[in-house]
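One structure is given below, encoded as structure tokens.
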Amino acid sequence: MLNIGGLHQGVVIDHIVAGMAMDIYDYLELGKLDCCVAIIKNASSRKMGRKDIIKIEGPFALDLDTLAVLDPNITVNMIQDDTIVEKRKLRLPEKVTNILRCKNPRCITSIEQELPHVFRLTNPEKRVYRCAYCEQKYKESNK
Amino acid sequence: MRHVISPLDLTVEETDDILALAGKIMENPEKYAHACEGKKLATCFYEPSTRTRLSFEAAMLNLGGKTLGFHSADSCSASKGESVADTIRIISCYADICAMRHPKEGAPFVASQFSGIPVINAGDGGHNHPTQTLTDLLTISKLKGRLDNLTIGFCGDLKFGRTVHSLINAMVRYPGVKFVLISPDELRIPTYLREETLDARGISYKEVSRLDEVMPELDILYMTRVQKERFFNEEDYIRLKDSFILTKKKLENARDDMFILHPLPRVNEISVDVDTDPRAAFFRQAQYGVYARMALILTLLGLAGKEY
Ligand SMILES: [Zn+2]
């Protein structure tokens with residue numbers, strides 16, 4: 001059973017690769033929230049050895065599907081009255097803007113810095129995103 | 001506002017309509033000689049490509065329209081750091097339609113998002129070149145009378161050759177099309193094309209490394225250039241290059257109703273003794289290119305169905 005210590009109502013983002021919590025914090029722009037946000041680093045995990053966890057207090061709509069793009073192993077639990085009321089299934093968004101960056105040196109985004117980096121989901125099963133401009137496949141290793 | 005950035009931006013129906021219109025223009029060019037009177041085509045070429053530019057300009061002039069534009073990045077404001085978005089906003093004030101060529105992939109797509117006029121991609125790096133694809137489709141359909149139930153051989157550099165990839169993507173939309181892919185091992189079609197297009201659609205194809213052995217099967221032979229710099233070493237290039245050069249001798253096994261296409265310019269992959277063969281269609285292909293562009297310009301300007 002997940003220890004949700006202290007969180008009465010809110011969201012628990014679990015199974016984050018150890019060390020990645022701050023990146024997720026930035027992607028979700030949690031710094032802009034007024035509510036209580038807890039970051040737990042290097043928690044022990046049977047599955048992963050070590051992991052990070054983020055707990056966010058309060059009911060609100062966050063665009064959590066972005067998390068599925070960043071890391072498919074992340075799990076999201078919605079907490080109400082101290083219990084998990086929903087294990088949120090993350091769906092890969094059709095389109096992501098400024099989450100992934102195109103690394104193709106022949107792409108127009110390589111010379112026009114102000115263009116947003118837009119990727120479209122072209123193969124949901126294989127989790128393939130392609131740049132909206134040059135159509136090059138996004139590769140994790142290029143992160 | 002309609003733009004054509006990728007060959008697949010046009011549905012099969014739209015493609016067929018454009019090819020049909022091109023056919024009508026070919027039969028009766030006088031009828032269309034004033035169809036674009038008062039209209040202007042801007043050719044925005046951030047890198048030189050004389051052949052493509054002249055083909056677009058000839059197309060617009062044949063329709064009674066006018067052309068303006070720039071022909072290299074030095075002669076336009078890009079050299080002063082202006083973005084594609086700003087340039088197309090300005091061009092939209094001057095012209096009715098734009099053909100854009102750019103060395104960077106996706107630049108015409110960027111333009112289409114900020115444009116007040118239709119944008120045609122006239123080639124963006126090694127990415128898309130939809131009017132080349134339309135030209136190829138028109139050539140095949142005119143020479144063979146159909147686009148379905150054909151066996152099409154692609155020969156040469158199938159790895160980097162964007163015209164090949166685009167034509168394969170366009171042709172798989174017609175029933176009964178088979179491909180014979182003739183290339184050195186190093187230059188086979190990319191995996192994504194094999195998996196996401198050919199295998200995913202259950203298309204019949206085979207990959208071979210000798211042109212002569214498959215010659216009798218082909219309805220169309222699409223030749224491309226094998227560039228020396230694509231090879232890891234000189235010996236491989238010298239060893240392999242002759243297998244991918246078309247000569248009169250190799251044509252002995254070919255059908256009488258087979259046709260040879262090439263996006264041009266050719267270097268040495270088609271020897272000149274082939275030029276006089278009735279099956280050599282690569283110069284006619286350039287003429288078809290003008291008709292294809294005329295039909296596309298008319299369509300994007302909303303003039304396709306009009307009486308002139
Ligand atoms: Zn890109």
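Sequence lines set the chain letters: A, B, ... in the order given, protein chains first and strands last, and positions in each chain run from 1.
For the residue pair A:C134 and B:E105, the shortest heavy atom distance occurs at CB-OE1, 3.4 Å. Nearest approach of B:G106 to A:I108, heavy atoms of both residues: C-CG2, 3.7 Å. Heavy atoms only, all atoms of each residue included: B:H102 and A:I111 are closest at CE1-CD1, 4.1 Å. For B:S83 against A:E114, the heavy-atom pair with the smallest separation is CB-OE2, 3.6 Å.
If you measure heavy-atom distances from A:N104 to chain B, the contacts under 4.5 Å come from the side chain alone. Interface residue A:S110: only side-chain heavy atoms are found under 4.5 Å from chain B.
Taking a cutoff of 4.0 Å between a charged side-chain nitrogen and a carboxylate oxygen, A:K126 and B:E196 do not qualify as a salt bridge.
For A:R50, the CZ atom counts as loosely surrounded, since its 6.0 Å shell holds 12 or fewer non-hydrogen atoms of other residues, nucleotides or ligands. The environment of B:R89 atom CZ is dense: over 12 non-hydrogen atoms of other residues, nucleotides or ligands sit within 6.0 angstrom.
With sequence neighbours excluded, no residue satisfies side chain to side chain donor-acceptor pair (under 3.5 Å) with B:T299.
A distance of 8.0 Å separates CD of A:E135 from OH of B:Y192, quoted to the nearest 0.5 Å.
Scanning residues 111-127 of chain B against chain A with a 4.5 Å heavy-atom cutoff picks out B:Q113, B:H127, ordered by number.
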